[in-house]
Every structure is written in structure tokens, then in C-alpha cells.
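Contents: one structure, followed by commentary.
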Amino acid sequence: MNITVVGAGYVGLTTALGYANLKHKVFCYDNDLEKIKLLKKGKLPFFEKGLQELLPLNLNKNFVATDTLIDSLDKSSMIFICVGTPSLNNGKIDLEYIFQSCKEIGMNLKSCKDYKTIVIKSTVIPKTTEELIIPIIEKYSSKKIQIDFDVKVIPEFFQEGNALHNFFNPDRIIIGQINSSNNLLIDELYSSFTCPVLKVSLATAEMIKYSSNAFLSCKISFINEIGNICKLLGLDVYEVANGMGYDPRIGPYFLNAGPGFGGSCFTKDLQALIKKAESLDYTPLLLQSILEVNNNQPLKVINLIKKKFNKIDSLKIGVLGLSFKEGTDDVRESPAIYIIKELINLNLIIHAYDPMALPNMKKKFPNIKYFENPQELINNSDVILIVTAWPQFKNLNYIGKYVIDTRKVIDNKKGVDYEGLCW
Ligand code: UDX
């Protein structure tokens, strides 16, 4: 099958290289010329496990990077929209990139003769596809939905650091579509996947994506709140979570207490869902609390530092781990950002290290001291904050240091002045 993927971000490139590897012909379009230039040279614009290996294998064979839409659209029967849907300053979803790509697709569709299926992979608030996306494509293409083209919503549940594995091994495929929609192409595309395939309405598919992210972030804020109470009680929240997880109604996953969730999805999607609910005159108290607990969580480390030292102003604080989780160079919404901001407010000396995220964090905080080696950071700091669960932090020498471990990384605490965040 010939497929055009619009948007060369995490979701777009994983989708594009995934299908290319499954022997489909994929055109990957982005209007960011720098990204396309890099891809044409066989380089990725970001790190994601496994993608770099797939790129040269498929480049200019099953995978073509392009900055012009018309040729690829004409040749493709399916078009995947994978552009970002960030937050506006007021928390509402910013649909600018979606509108822009629908307009571009619409204008280019005008001259295409064959029937096209357009798939929305980007996360969009329920009813967006029905009320905004389809009308925009119809307007700019002068074509009619289900006569000249179809639109489906197939949300993606990729986790960064694991996206390619998630692509090849999805736990379910959700297909949102108009009732009378034709399934031939989609059924062919997913024929090699063995997981359950659920066909629902467009808006239901959109809501499944939001509800999944809201539920996962709810689990994290829940266990962080329990963890904060455990800390006051002198208990270990990881033992508590372990005991809870055997109940199949609860399950053992996403119950790792820590400095709060980060990343490109949870916060923005919660904010967008809250705003949507409010626009419908509903106050989503639980969703608001998930964010509130999460906003407070990184600052717990600051309270611990203040509790430990009478005088903090001459302390050198070493932050180990800057990405929002291990296995990625992505720092978006990383708890480390909120911790560093507060340390800057307190005028403390900040040292920072990450195995992958240094270049991205340097753009945000150019004036703090970065180390190329984690042991050197430890040797030169008074307090060590372990903020990301990189496995290489496990066996460093922390002897004689005050260490606040927010992710339960260290096993050997002999000779270490050790403090757990929620244990
Ligand atoms: C998330 C969803 O998992 C994925 O399905 C969706 O498509 C995009 O958003 P991602 O942001 O890549 O994926 O990472 P995820 O592994 O879910 O972690 C998100 C944040 O939660 C990280 O900061 C992580 O450290 C934190 N987390 C996760 C915890 O603090 N505790 C946990 O138990 C799990």
C-alpha cells in the first residue's frame, strides 16, 4: 500500500518507518525543511530507540522523506495526519498544525482522482474530526466525505523510548469512523496485527485516547499522593504499591511513585480535556486534582532539602537525570525543569547531568553548570537529586553524600545519607 505520513515527529516517524518496514511504500512529509534534510541524509531529528537503525534500511526504498505533498498524495491511498496538538497558554488545545495540514491536504486533494482515506493520528478533542477537520478538507478540496474521501480516527498509544515496540505490538487498535465507512483498506493494513481491533465512532475514538491518558496520569498522581502520606508515616510506597498490584482490578503498572509525570502528552491532554469539560459547563474535579498533585510533586525535593539543612544558600545541588523519563532525550514537561527553576529561585549552585538530554536542557537553562560525567557531578556536589531512573545511576559511588532519590534507583545505601521521596 502507498501511504503518506504528514508530520515527522515521534508519532509520525515511528508510524512511517514502522509501515515502511512492513513493506508498504511510505512518503513522510513535513514542512520543516531542516527535518526533511536530516532525514534524507539518514539522520533522525531526535532520539527514539530503534528508529535510527530502520532509517537507512528503508531510506529511498520504502521510505521517502519529502517537503512537497502533491506527488506523494497523488500516489497514496492512505494519508496519516501525525502533527502535534500542543497547548495554548490557557490550556486549551492548539489545533493550528491540524488545521494547516488539513488545508494543505485539501488543496492538494483537489487534483487527485482516486478515493483517499485520511487517518487522524494526532490527539484531538472529541468532536474535532466531525465538526472541524472534515469540513476543512471538504472546503479546500471541493470534494465530499465518503464520496471522494474518507476520514478515520486511529489514535496512537506509543510511549517514548518504546514507540517502535508499541507500533509492532499494539495492545489494541481503535478505529473511529463514520457508520457506513468502508473497511477494506484499513482491514488490509492491520491484517498482520493480532490484537483486538475495535470499531467505534469518530468522537468515541478521540475520547478513548484522552480517557486513557487521563487514567494513566491519574494512577501516577494517586500513587504519588499515597506516597506522600507514606513518607509522613515512615512507610515505603513501593511496598504498598506492590501489595496493591496483585489485585487484578488494580494491576501492578503505573504505580511507581516519583517526582511526577512529565512528557509531551499527559499534562497537555489533561489540560485540554479539563478546558473542554468546562466549556460544557462541567467542573472536572478529579482531573483538576491530578494536575494539582503533579504540579506539587517535584517541589517535594525542595522541602526535603530545606528540612535537612539549616542553612541552604551555599549548597551545591547536583541534579542527576534531566529527561522526563529514562531512555529519551526529551525534556518536555520534565520534573527536572520544575526542580531546577525552584533551585534557581533559591539562588543555589546547580550542577546537572543526563546521558542523553544535555543538549535539550542546555537550551532551557544555559547558565547552570553541566557535567559530562555523573560521578564527577556527585564528587563536586553536596546534595544529589536523582530525578530520572537511568539504570547507569544505580551503581555510582554516592558515599558521604546526601542523596534524595525520587525514583528508587539506588539499591546499595551503605555509607550514603539516603532519603527516598515517598519511602
Ligand atoms: C504517554 C502514554 O503512556 C502513551 O500511551 C501516550 O501515547 C503518550 O503519553 P509517554 O509520555 O511517552 O507516554 O511516557 P510514559 O511512559 O507514559 O511516562 C509518562 C511520565 O509518567 C514520565 O515522566 C514517567 O516517568 C512518569 N511515570 C510513569 C511515573 O512517574 N510513574 C509510573 O508508574 C509511570
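Just so we're clear, the structure is a prediction, and the values are computed from it rather than from any experiment. One-based numbering, in listed order, for ligands and for the atoms of each. Just so you know, residue 1 is the first one in the sequence shown, and it goes up from there.
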Open item on the list: For atom 14 (O) of ligand 1, what's the nearest protein heavy-atom neighbour? Residue, atom name and distance, please.
Closed with: K325 NZ, 3.0 Å
TODO: Look at ligand 1 and say whether E333 reaches it with a heavy atom at a distance under 4.0 Å.
DONE: no
Task: Salt-bridge criterion met for K116 and D150 (N-O under 4.0 Å) - done: no
Task: Structural part of F266 in contact with ligand 1, heavy atom criterion under 4.0 angstrom - done: side chain
- [ ] Would you mind telling me if ligand 1 is within reach of the side chain of E156, the backbone, both or neither, using heavy atoms under 4.0 Å?
- [x] backbone
Task: For atom 9 (O) of ligand 1, closest protein heavy-atom neighbour - done: C265 CB, 3.3 Å
TODO: Grab the two heavy atoms, one from E333 and one from Y338, that are nearest each other, plus how far apart they are.
DONE: OE1-OH, 2.8 Å
Open item on the list: Tell me whether E130 is salt-bridged to K127, with the criterion being a basic N under 4.0 Å from an acidic carboxylate O.
Closed with: no
Open item on the list: Check this for me, if you would: do K394 and D411 make a salt bridge, where the nitrogen-to-carboxylate-oxygen distance has to be below 4.0 angstrom?
Closed with: yes
TODO: Measure the distance from atom 6 (C) of ligand 1 to every protein heavy atom, then report the residue, atom name and distance (to 0.1 Å) of the closest one.
DONE: F158 O, 3.3 Å
Task: Distance from atom 3 (O) of ligand 1 to nearest protein heavy atom, with residue and atom - done: Q159 CG, 3.3 Å
Task: Residue and atom name of the nearest protein heavy atom (relative to atom 25 (O) of ligand 1), distance in Å to one decimal - done: R407 NH1, 2.7 Å
Open item on the list: If you compare all heavy atoms of C230 against all heavy atoms of V240, which two are closest, and at what distance to 0.1 Å?
Closed with: SG-CG2, 3.9 Å
Open item on the list: Quick check: closest heavy atoms across Q146 and S180, and the distance to 0.1 Å?
Closed with: OE1-OG, 2.9 Å
- [ ] Report, in ascending order of atom number, the atoms of ligand 1 lying under 4.0 Å from any heavy atom of E160.
- [x] 12 (O)
TODO: Do me a favour and list the nearest non-hydrogen protein atom to atom 33 (O) of ligand 1 with residue, atom name and distance?
DONE: N256 N, 2.9 Å
Task: Atom of S212, atom of R172 and distance for their closest heavy-atom approach - done: OG-NH2, 3.2 Å
Task: Electrostatic pair D417-K308, nearest N-O below 4.0 angstrom - done: yes
Open item on the list: Side chain, backbone, both or neither: which applies to N213 and ligand 1 if a contact is any heavy-atom pair less than 4.0 Å apart?
Closed with: side chain
Open item on the list: Checking a contact table here: which protein heavy atom is nearest atom 28 (C) of ligand 1, and how many Å away?
Closed with: I220 CD1, 3.5 Å
TODO: Indicate yes or no: does an N/O atom of F157 lie under 3.5 Å from an N/O atom of ligand 1?
DONE: yes
Open item on the list: Between ligand 1 and K209, can you find any atom pair, the residue atom being a heavy atom, that is separated by under 4.0 Å?
Closed with: yes
Open item on the list: Check contact between G262 and ligand 1, using heavy atoms of the residue and a distance below 4.0 angstrom.
Closed with: yes
Task: Protein residue, atom and distance nearest to atom 17 (O) of ligand 1, heavy-atom basis - done: F254 CZ, 3.2 Å
Task: Side-chain ion pair, K413 and E419, N-O less than 4.0 Å - done: no
Task: Under 3.5 Å side-chain donor-acceptor pair for D405 and W423 - done: no
